[in-house]
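Per chain, numbering begins at 1; letters A, B, ... match sequence-line order.
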Amino acid sequence: MAVVMQSKWSLQRYIISLVVGLATLCIMAWLIMTFVNYPEVKDLSLHTFSTLSRILITLLISVIWGVSFGILAATNKWASFILTPFIDILQSIPILGYFPMVISFLFLLGPWGVEISVIILLFTSMAWSIFFGVVGAIRGIPTNLAESARSFGLTGWRYIRHVTLPAITPALISGANLAWCDGWFFMIAAEYIQYKGEIVTPPSGGLGFLLAKTAYEYKDMNVAIILLLFITFIVTYFNTLTWHRIMEKSNSGTFKPTFKMDLSGVGKLGIRAASWRHYWRFQWPKAFSATSQRLRKYTCIEKLIAAVLVFTMVFFTLYKVLGQIPTLTEILRGFSEPPGGELRFLPLFITLTIGRLTIAYGISLAMAIGMGVLAAEHRRFATVFYLLYDIGQGVPILALFPVIFLGITQLVGEPRIALEFTCIIMLVLDMIWYMFLNIVSAIRSIPSEIQEVSRLFGFKGLNRITHIVIPSILPSIVTGSILSWGTGWNTIIFAEYLPSTSLSVPGLGSLLDKAGYEYGNTVVLIFLLIIIAAIVLSMEAFVWRRLLRKFERYHIEV
Amino acid sequence: MSIIEVRNVTKSFLIGDNKVVVLEDVSFSVGNDEFVCLVGPSGCGKSTLLRIIAGLEKADSGGTLFHGQPITKPTPKIAMVFQLFGLLPWKTALENVELPLEVLGVEKEKRRHVAEEYLNMVGLEGFKNTYPHDLSGGMKQRVGIARALALKPEVLLMDEPFSSLDELTAKNLRNLVLDIWRDPTLPTNTFIMVSHNVEEAVYMADRVIVMTPRPGKVIGEVKIDIPRPRTKYIRDQRYFGLVDEVVALLEKGKV
């Protein structure tokens, strides 16, 4: 009875906060529309609507695709054999690298083509976490459960309905939440595209377009920050409110044990309490555990063969579609056209780009470990960091790019140096959350017996950190590192190059941008993508997978 | 003379928004050289009680005394063996035993020597450099026991130490624990064990304290006066009589 009352009450609360949030949003929009005088900003409500519907449509497509293909890949041997490595490799190519290829093909179709291409671009950034979440969740169904279901004659559709779907729901929802955040993240890149010297934007506009316009063209930092706050409010608000609520609800029927927590002081309701509960009870997106599963599955050679196969396939499909299979002379011509000349500096560019990534990774790692340990040792810090995480995850970091750049230019003066700093800050802002999320989830999942052992035998301070905390998070640091580097490669393509001004710092990313956006040189573009994918995959094979295997025994059996 | 004294301990947890009382006014004492078993149905708070004695949890009211002094935090004089072993997976068997000694500030040579000695005692000569990952359940628990004993505690607490082992392994380990308890050369003489296996309790303990389900209260205790070693008495009428007595108390607690 008390439980029913409580849920009714919390529903009421939810509706109230929803109404209040929407009202705040409307007031914010009205204020911005009234007091900002740019013509595009006057249509703020329209832009908001089109971005929101774009992301929701893409989310729907991603969910349908992720569930159907995820179930297929997890249950059918042949589908898994073909699909998983394919998706694996597609995912390891920086998503933003697909941009020019997709664009050049779809722009021929006119305004609808542009709208569709934006959705496809968003899809390429949103679909993976759902797919891998679903695959991981299905593989995680305990054998005894699957066997007992089969023994009672549940097969085919009924098995999917009663076993598979309930089992994947939590992963699906957390994957969809990640996708929602990713969508906002890439929105600004997808709604404001520079192609062969022209700016292409979707006819129905969007918040990303609006932000890019004010930042790049009007160079109005104040309005850009206001718009950014507006976007962040939308993302964070729905994150803390709706997603957490859905996630909490879906979490009741999962197989993973919920971890022991100190419940005193969590009685309060509201957003903070909701997010608190969310972080201590919610099982972390399964995509993370899926990453380690994936990595263990293939040997280097298998991956290499798959990589070669997929690239040949992609290459030929694209040229088949465009009706031009390249001859050797065409390829050679591609390399001789700009920016092919810059390929001489390729080793330097690779070194510079990897250098930037390494610096950003080092900073993220140090900060994430520090924050993670603090969050694990002191509740107070944990609350603050989770709130920070919520907001940090909600801010579309690409949208921060022009804002940070404008700010640092004012500080430093020299735009090139400012861009260099901005690039690293962007990378850190992007990479740190995956590290932090993984580290905190690992600290949180240290079994209570280990915690008790550490207290019982008097581990304190440094002793506790070196003997208990750090070893127990090492495997997660590896997984977090893989994800960080992945997202870092993704971001660097945009972070080395400032759209609309052609200002860039030398590196792989900026060269790729020049090839793709300025010159539309597909040969150089594909060449660079192959190089990036080769670097990503060899790092996986030679660094991360070795480390994962080494730390396998650190896994705590419960 | 009593070493451990539990006085009017009450403890409750918040589950969701509901307050659940797990222990209510629990009192008993354990004397020097005594082997006491706490028996009760799952969820009667016996593991919580053990953690309060270990200083890992705090009672809401009432308290526990060790040599007449209140227990407020864990002390090396009271060691604990866990149901799921609680070994650090990133340390070898030897390092796992050594670590608490390191925390106490024992120097390297000495603690290695002590750790080896105790690992030998529990029969793990050849497995010093093996990681928990590669040890069987019974071996892991042996490491757990060696780690607790290496601290030379006065009191050993055991939280269902055999319940995640198969019966044959459990039988061997029970006898190992009894041998350790009776060994006059070891300083650890007072054992408190939580169990839900009545026969195990009657086989091992001097005294079985029976608890009721939630909220956990002491409903009675049974003195086990079968001579030791008890191996030859386990087919005895007296043994079954005592088992029945404990079971009867458990049944009584249900209503």
Within residues 154-165 of chain B, contacts to chain A at heavy-atom distances under 4.5 Å involve none
Under 4.5 Å to a heavy atom of chain A? For B:Glu95 that would be neither
So, the part of B:Leu101 with a heavy atom under 4.5 Å from chain A: the answer is neither
Is a donor from one side chain sitting under 3.5 angstrom from an acceptor on the other, for B:Lys46 and B:His196? no
Distance-only polar pair, side chains of B:Ser12 and B:Asp60, donor-acceptor under 3.5 Å: yes
Exercise answer: donor-acceptor pairs, residues 72-80 of chain B side-chain atoms, under 3.5 Å, sequence neighbours excluded:
from	atom 1	to	atom 2	distance (Å)
B:Thr75	OG1	B:Lys77	N	2.9

Sorted by chain and number, sequence neighbours left out, side chain to side chain donor-acceptor pair (under 3.5 Å) with B:Glu24 holds for none
Sequence neighbours excluded, the answer for ring pair (Phe, Tyr, Trp, His ring centres under 6.0 Å) partners of A:Tyr361 is A:Trp485
Do NZ/NE/NH1/NH2 and the carboxylate oxygens of B:Arg112 and B:Glu117 come within less than 4.0 Å? no
In this structure, NZ of B:Lys11 is separated from CG of B:Leu23 (nearest 0.5 Å) by 9.0 Å
